[in-house]
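Bear in mind the structure is a predicted one, so any value in this text is a computation, not a measurement. First listed ligand is number 1; within each ligand, the first listed atom is number 1. Every heavy atom of this structure was used, including side-chain atoms; hydrogens, water molecules and symmetry mates were not.
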Amino acid sequence: MSTKSQLLAYLKRQKGTWVSGESVSTTMAISRSAVWKHIRSLREDGYMIKSSPKKGYLFLDAPDLLFVEEIQDELETSRFGKEKIVYLTETDSTNTRAKELAAGGAPEGTLVIAEKQTSGRGRRGRNWFSPTEMGIYASLILRPSIPPNEAPKIVLITAVAVADALAKMSGLQATIKWPNDILVREKKIAGILTEIGTEMDLVNYVIVGLGINVNTPHDCFPREIRDEATSVFIETGERVSRVNLIRDYLNLFETYYGLFLGGKSENLIERWKKSANIIGRRIMVDQSGRRYTGEVMDIDEDGALLVKGSDGRTSRLFSGDITTIHSSI
Ligand code: BTN
């Protein structure tokens, strides 16, 4: 931990009480001028710290930036976000960065998080709108010992973790649109992009990329997605702490992932089915121009959608864009 981080942790522990420059300098074993230099730097980062020649320093508040120290403070996970967090003020895509790290041997639980993405990627070659300091753009590295055909289930448990984190933080009741869209009032609030690296017949790594529209105002979305997208701010009228939201997500994700690895994710899949509200519906699935129409029979244990076509045959679908067909009869 750097001296600056240690000083921050010390001031936070004393939150609400003045601490003299002398006691900070003695506790930290650094000079008074070094204390002052770090305080100035913390203020530049957005921390609100009062100073008085007589009383010393008073920690007031942290900025809502996704600093490693902020995320790790009160994080209850044992590995996720604990091993390593790579914090970037700007990057093209956190998934691309995470893939590079995974290929270089980064351990499970490594998190890449950015304040802004210049080429945020969505599914099927789409862009993910990623304005500065408004959303969560995060990618986790997983190294599960599973065959590749089990990996799609990770999208389902991630979607449940995101919906639960949103409910915990803001009370919003999100629904899940297969396979990876999180919606509120039928508008997209979050999306998941998983990318898998395989070696022989085994998964080498899975990157779980998550984008959540958190404090984005309606007018900030580009016109072409303005009517289809929403954010926590639009839905609740309140700005929420992105730090708290990512922390809640990591805590829930680690628990659900543990259940998945232990073969105990049935309840999560049932929860997914309830939130998705899709079983028994007639849908149209578009897979890059190839279209299937049919009735959703179930989601199987691998996370595939079982769709029964008009010829009576059931197809297992792993990806695609779905539209619910509202029958007029
Ligand atoms: C989708 O709904 O199409 C998936 C969107 C996923 C966006 C996230 S933002 C963080 C991570 N990095 C990316 O480039 N994409 C994912």
Counting each atom of ligand 1 from 1 as listed, which ones have a heavy atom of [X] under 4.0 Å away?
X: I192; result: 4 (C)
X: G120; result: 14 (O)
X: T94; result: 10 (C), 11 (C), 12 (N)
X: D181; result: 2 (O)
X: R121; result: 5 (C), 6 (C), 7 (C), 13 (C), 14 (O), 15 (N), 16 (C)
X: G122; result: 1 (C), 3 (O), 4 (C), 5 (C)
X: S139; result: 11 (C)
X: A138; result: 10 (C)

I'd like to know whether [atom1] of [X] has more than 12 heavy-atom contacts from other residues, nucleotides or ligands below 6.0 angstrom.
X: E133; atom1: CD; result: yes
X: K273; atom1: NZ; result: yes
X: K82; atom1: NZ; result: yes
X: E186; atom1: CD; result: no

Seminar exercise, completed: Test salt bridge (Lys or Arg N to Asp or Glu O under 4.0 Å), reference D321, set R291, K188, R123, output is R123
Exercise. Regarding E254 and S78, is there a side-chain donor-to-acceptor distance under 3.5 Å anywhere?
Worked result: yes
Exercise. Would you say the side chains of Y47 and E70 form a donor-acceptor pair under 3.5 Å?
Worked result: yes
For this session: Using atom types as modelled and distance alone, determine if a side-chain donor or acceptor of Y137 lies under 3.5 Å from a backbone N or O of P131.
Result: yes
Exercise. What part of T96 sits under 4.0 Å from ligand 1 if we count only heavy atoms: the side chain, the backbone, both or neither?
Worked result: neither
Exercise. Using heavy atoms and a threshold below 4.0 Å, how should the contact between Q117 and ligand 1 be classified: side chain, backbone, both, or neither?
Worked result: side chain
For this session: Please state whether R126 comes within less than 4.0 angstrom of ligand 1, counting heavy atoms only.
Result: no
Exercise. Quick one: nearest non-hydrogen protein atom to atom 5 (C) of ligand 1, plus distance?
Worked result: W128 CE3, 3.4 Å
For this session: Identify whether the distance between the nearest side-chain nitrogen and carboxylate oxygen of K187 and D227 falls below 4.0 Å.
Result: no
Exercise. Backbone or side chain, does any N or O of R123 fall under 3.5 Å from an N or O of ligand 1?
Worked result: yes
Seminar exercise, completed: Closest to atom 1 (C) of ligand 1 (heavy atoms only, candidates K177, E195, K188) is K188
